[in-house]
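Everything on this sheet refers to the single structure shown next.
Whatever order the structure lists them in is the order used to number ligands and atoms, beginning at 1.
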Amino acid sequence: MVTQGRALRGAALAAALILGVSACGSSDSGGGGGASTAPTALEGVGPITLVTGKDTSGNLQNQVDGWNTEHPDQKVTVIELPEDADAQRQQMVQNAQTKSDAYTVLNLDVVWTAEFAANQWVAQLPETEFPLDKLLPATVETGKYFKKLYAVPTTSDGGLLYYRKDLLDAAGAKPPTTWAEMNAACDKVIAANPGLSCYAGQFEKYEGLTVNFSEAVNSAGGDVVGDDGKPNVNTEKAKAGLDFLVDGVKSGKIAAKARTFKEEEGRRAFQAGELIFHRQWPYQYAKANAADGSSTVAGKFAVAPLPGLDGPGSSTLGGHNYAISSFAKNKKTALDFIKYMVDEKQQRANLEKTSLAPTWASLYDEPALVEKFPYLTELKKSIEKAKKRPAVVKYQEVSSAIQEAAYSAMSGQATSADALAALQTKLESLTKG
Ligand code: GLC
């Protein structure tokens with residue numbers, strides 16, 4: 001029987017070993033594509049760039065302006081890439097492959113650390129320069145590769161269930177802890193409000209679908225990659241998870257339109273009042289509560305842990321870490337800028353303005369912040385026990401295979417059982433590489 005509580009660090013490392021990481025890379029000399037042995041000297045002071053996915057939170061430039069005012073000779077220029085995580089990675093990879101110095105600080109998704117570190121596209125970082133002991137340990141792990149630090153977590157992420165409290169209250173329904181309760185609540189609400197959609201997440205075929213599929217599988221007690229590091233997705237439990245998504249599409253609980261949602265399309269639908277339930281990251285909280293008229297649901301929603309098959313579900317660990325390109329100039333400025341961004345002061349201000357999940361642990365326990373963002377207590381727990389996606393160099397191939405399986409089942413091209421059997425085979429073949 002698979003237990004969700006087991007430590008996943010070992011699993012991630014085992015998966016790394018199976019899925020194509022050279023174990024000798026981290027400590028032996030002689031190359032082979034492994035991580036470097038000693039930290040690169042982080043030298044050079046002057047202007048730098050910060051490359052990041054589109055800042056949907058709206059506060060990044062403000063933070064950077066604060067730095068620029070204090071450091072007129074070391075200005076940071078923000079380069080924004082697309083909203084879609086896969087498109088961001090593609091541009092960062094292309095830039096690294098040409099050894100371009102155009103990007104200095106890279107805002108890496110937590111799932112890219114292994115690939116960027118193993119290829120030596122980012123510099124190893126000195127742990128003592130950062131307040132790592134003040135950060136949530138699960139987030140620090142995501143910045144490491146073979147126990148060495150390559151990226152510093154500046155924001156975390158955990159999936160939350162946003163729900164229309166006003167509509168549930170009116171229908172006499174409680175926030176659900178299971179998928180069945182969620183569906184029953186939808187039936188009640190929709191009876192009084194025809195035209196509303198029950199549930200949406202990130203179902204477009206990209207990294208967001210990998211997250212939503214993994215959460216569904218984990219929330220049914222299954223695994224994508226088992227604790228022993230081996231793919232283990234062709235199971236009844238994984239099928240129950242995928243069936244939640246497939247049945248949602250078939251029954252119309254997941255509207256056809258939601259199959260094209262990434263984070264921002266879903267947020268707009270939620271804010272327009274079209275959805276009863278929405279699986280989304282914390283950043284939506286501030287936006288959906290904006291009192292400037294941009295959200296029709298301000299003050300009408302609340303947030304709960306993700307539901308699951310038999311009880312509360314399990315979130316996938318998201319988030320972003322800052323790394324320094326191996327090919328960039330002015331690495332000392334980059335180091336100092338990362339220290340500025342990870343500091344409690346910036347993280348506090350960022351939480352207050354954007355509701356992005358901080359990595360600074362104590363912010364989750366401050367009464368004034370918890371009052372303003374009531375989900376913080378649950379979010380901290382959810383981040384602490386969140387499931388990691390495999391920490392592997394070939395992560396993108398693993399993720400593409402997962403996306404393909406979820407997409408083919410949700411679009412009715414394959415049964416859940418066939419999609420999972422094919423995924424298992426594909427993941428096993430990736431492990432041979
Ligand atoms: C969020 C998460 C990130 C995840 C992405 C998927 O940005 O922080 O980890 O990969 O969403 O869309």
Closest non-hydrogen contact found for Ala151 with Pro153 is O-CD, 3.8 Å

Once you measure the plane-to-plane angle for Tyr162 and His278, does it fall in the parallel (<30°), tilted (30-60°) or perpendicular (>60°) bin? tilted

Please confirm whether the ring centroid of Phe203 lies under 6.0 Å from the ring centroid of Tyr407. no

Atom pairs, nitrogen or oxygen, ligand 1 to protein, under 3.5 angstrom:
unit_1: ligand 1; atom_1: 8 (O); unit_2: Asp157; atom_2: OD2; d: 2.5
unit_1: ligand 1; atom_1: 8 (O); unit_2: Gly319; atom_2: N; d: 2.9
unit_1: ligand 1; atom_1: 9 (O); unit_2: Asp109; atom_2: OD1; d: 2.9
unit_1: ligand 1; atom_1: 9 (O); unit_2: Asp109; atom_2: OD2; d: 3.4
unit_1: ligand 1; atom_1: 9 (O); unit_2: Gly319; atom_2: N; d: 3.2
unit_1: ligand 1; atom_1: 9 (O); unit_2: Arg389; atom_2: NH2; d: 2.9
unit_1: ligand 1; atom_1: 10 (O); unit_2: Asp109; atom_2: OD1; d: 3.4
unit_1: ligand 1; atom_1: 10 (O); unit_2: Asp109; atom_2: OD2; d: 2.6
unit_1: ligand 1; atom_1: 10 (O); unit_2: Arg389; atom_2: NH1; d: 2.8
unit_1: ligand 1; atom_1: 11 (O); unit_2: Glu263; atom_2: OE2; d: 3.1
unit_1: ligand 1; atom_1: 11 (O); unit_2: Trp281; atom_2: NE1; d: 3.2
unit_1: ligand 1; atom_1: 12 (O); unit_2: Glu263; atom_2: OE2; d: 2.6

State whether the number of non-hydrogen atoms from other residues, nucleotides or ligands found under 6.0 Å of Lys339 atom NZ is greater than 12. yes

Lys381 bridged to Glu384 by N-O distance under 4.0 Å: no

Which of Thr359, Asn321, Thr113, Asp109 passes side-chain hydrogen bond (donor to acceptor under 3.5 Å, both in side chains) with Thr142? Answer is Asn321

